[in-house]
Amino acid sequence: MNQLFAQVALPVPMRSLFDYQVPSSLQCSIALGMRVLVPFGRRKLVGVVLGLSPDTELAAEKIKTLETLLDDACVLSDLTLEWLNWASQYYQHPLGEVIHTALPVSLRKGQPAVRQQKAWQLTDAGRDTEPASLNRSPRQRALLERLASAPQPHALLLQDFTSSLIKKLTEKGLVEETYLEHLPDPDWPARIELADKPKSNLEQSLAVTAIAHGSDRYSCFLLEGVTGSGKTEVYLQAIEPLLAEGKQVLILVPEIGLTPQTVQRFELRFGLPVGVLHSGLTDNERMLVWQQAREGELGIIIGTRSAIFTPLQSPGMIIVDEEHDSSYKQQDGWRYHARDMAVVRARLEGIPLLLGSATPSLESLNNALSGKYQHLSLKSRAGGAQAVRHQLLDLKGQKLEFGLATAMQQRIRQHLQAGHQVMLFINRRGYAPALICHQCGHVEECRRCDRSYTLHRSLNKLQCHHCGDAKTVPPHCTQCGHVGLQPVGLGTEQLEQGLSSLFPGISTVRIDSDSARGKDKLHSLLDEINQGAHQLLIGTQILAKGHHFPNVSLVVILDVDGALYSADYRAAEKLAQLITQVAGRAGRAHIQGELWLQTHHPQHPLLQDLLHNGYQHFARLALQERRFAALPPFSYQALFRSEANEARQAHEFLMQVKGLLAGRQGLTSIGPLPALMEKRQGRYRMQLLLQSEHRTGIQQHLHGLMSQIEKLPLAGKVRWSLDLDPQDFT
DNA sequence: AGCACGCCGACT
DNA sequence: GTCGGCGTGCTC
């Protein structure tokens, strides 16, 4: 037989495929998209076959032979491979690692992909036994005859025989255990039982009709619906006709939004089991949902970020709920954005994509306003919850204790005395902030860019993260001459320790990603809160997501300025989303909720706009600002990060990367600058930001650059990575 | 990324 | 005399 070589993608951080000789015994059965076990160095790796060819460019002595063919059918379809290949190019991440992330852990480890079920078959002795010889035990005889023609699944046998009977024949050596491939049973469309649905309003009906109109091809919808406007009801009605046709629906939700109630709502409406994928599952549980989805046995699959990789036999629609949520962006390794991956997947599969949010990302909103996506709005709020009152507290010249103004402390006391709960929001700590004058509120700004400087304590410098300009820290305010400029948000870090002295005897609880880590930890904390075990709640973004706090009557956001004057240009957008989400969650019909913002700039146009005109209006204003500043979504970015024990090395590496890009048209590079969190775990972190007006600009320049970078001597010494469409500059 | 090889310091 | 530190280099 002729020689055959397989090009295999392996989970290693290298941008090449690896050639292996295919043993002649496997040449007939091997195909693209199957997994193989191959020798690699002195270990064995599971890889995926991406090419088959009668020849290879590699020297014969280097070629090894693949060890095992792990599948008899492909685990990744042509379409999926095309999708992942695109992703590997777009994110400039090695294809082998991309494929590795897209597979469930069990498959990465080489476990079989087909679902197996326990079954029973006759042994040689069993086949030689005359059924008549068992005439004295008719049940045993019946079982023997049942197995005579073919092995039978365990579950099926139990309908007619007891397990002790099977055991008896096993002990006699006539019957033995075996495994049969599970036969898919995709007959759920026939079992749909629609529950009563609420009467939908005009906006909802319009949205559902619009979606139904485009449901047989790729199209993208942005459903912009204020909190409580019934987005989920639109999802339910939009997928109803698809499910009836036997089409499957994949729903992505934020990490924190995947509650039993969410899942139940879909289950109850259609009377169907829903496949659920989240981080708390075991490898086997994930694998089962993956298999059921692939075999078409599930109509609805709900999951967090990585659920975007769930294979579907007959895809009907993808829904991304709370599409603005930052948990859709992977923050290490391959930094993909599940929402963006969903757009490309929907286009390849030729199915509609529905993005829903009360506070859409500026990216999606821009696509909707420019007509790239269809824009659907839900503006009326169902139910009678009272709107939360928003108010601003001017911090200029105020006495602050642990970041709280005296007037605010009194207000908090009033609410506590009334028996209500109070929620205090602080931004994540450790960020490089702007420098602000507490007397007049003046913020040092870069003259060239009109943007605030960022304070980098270790260098004792102000740096503009927009153009890279640096200057020394001024001794006094350039506006009013006041001496003693302070970083924005000073004191809020000590808030938690200070609360016990400010509010003695009041039970305080902190909720952030650390304290809420672990299975069900967050939920038990939330239960405690709603049962009234704590009166003062301190938290970050996590508190605002998807949970209701009926007894909270006062919400305070301590350092609004931190977001208004952050080097992270998305901070204002995130703040606006936070405020809007919180306003939708606190209080209840009989308690008038209050939301207070502490700021040195109560007249700031973005704040004023948000408070008076709401998120929808604010977002459009913010988009205009982005357009003027040529920031995303009106430009495209890629961020190189580097990290080393010595700041010099991290900096020098990025200087060399910048050097490789020198003189390229249509591409600007900013930096290297210290990361907003300059140091982490004792290592210095620097960043180099690339920006282009066109997406293809970034792509073209990155093409080929990565392999050049890998050849730099420093590339092996510093930890470095590329983040495409960066969302977070920490 | 792993995993080896390789060449310099404190220990049974 | 060795155990072990992590720098460097390779993996079809």
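Throughout, a chain's letter reflects where its sequence line sits, starting with A, and its residues are numbered from 1. Values below: every heavy atom of this structure, side chains too, minus hydrogens, waters and symmetry copies.
- Take Phe309(A) and apply the ring pair (Phe, Tyr, Trp, His ring centres under 6.0 Å) test, not counting sequence neighbours, and it matches Trp83(A), Trp334(A), Tyr336(A).
- Every pair tested for ring pair (Phe, Tyr, Trp, His ring centres under 6.0 Å) that includes a residue from residues 654-711 of chain A fails, sequence neighbours excluded, so the list is empty.
- Judged as a ring pair (Phe, Tyr, Trp, His ring centres under 6.0 Å), the pairs with a partner in residues 9-37 of chain A (not counting sequence neighbours) are, in order, Phe18(A)-Phe40(A).
- Within the structure, side-chain hydrogen bond (donor to acceptor under 3.5 Å, both in side chains) pairs that include any residue of residues 652-663 of chain A comprise Glu652(A)-Gln656(A), Lys658(A)-Ser669(A) (at least two apart or interchain).
- For Tyr636(A), the ring pair (Phe, Tyr, Trp, His ring centres under 6.0 Å) criterion is met by no residue, not counting sequence neighbours.
- Residue pairs satisfying the side-chain hydrogen bond (donor to acceptor under 3.5 Å, both in side chains) criterion with at least one member in residues 5-19 of chain A, sequence neighbours excluded, are listed as follows: Arg15(A)-Glu710(A), Asp19(A)-Thr56(A).
- At least one side-chain heavy atom of Arg339(A) sits less than 4.5 Å from a side-chain heavy atom of Leu355(A).
- Side-chain contact between Val36(A) and Leu26(A) is absent, with no heavy atoms from C-beta onward closer than 4.5 Å.
- Counting only N and O atoms by type, the side chains of Asn284(A) and Thr282(A) include no donor and acceptor under 3.5 Å apart.
- Ion pairing of Asp723(A) with Lys329(A) is present here, as a side-chain N (NZ or NE/NH1/NH2) and a carboxylate O approach within less than 4.0 Å.
- Listed by residue number, there are no residues of residues 84-105 of chain A with a heavy-atom contact under 4.0 Å to DNA chain C.
- Looking at Glu573(A) and Arg626(A), their side chains come closer than 4.5 Å, going by heavy atoms from C-beta outward.
- If you check residues 53-67 of chain A against DNA chain C, the residues with a heavy atom closer than 4.0 Å are Leu58(A), Lys62(A), Ile63(A), Lys64(A), listed by number.
- For Glu646(A) and Lys717(A), the salt-bridge test fails: no basic side-chain N is under 4.0 Å from an acidic carboxylate O.
- Of all nucleotides in DNA chain C having an atom under 4.0 Å from a heavy atom of chain A, the first and last in 5' to 3' order are dT8(C) to dC12(C).
- Atom CZ of Arg685(A) and atom OG of Ser642(A) lie 10.0 Å apart (nearest 0.5 Å).
- The ring pair (Phe, Tyr, Trp, His ring centres under 6.0 Å) search around Phe5(A) returns none, not counting sequence neighbours.
- Contact check of residues 38-46 of chain A against DNA chain B (heavy atom, cut-off under 4.0 Å) returns Arg42(A), Arg43(A).
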**Request:** Can you run through DNA chain C from 5' to 3' and write each base as (, ), [, ], | or . depending on how it pairs? Watson-Crick or G-U wobble, both distances under 3.5 Å.
**Result:** |||||||||||.
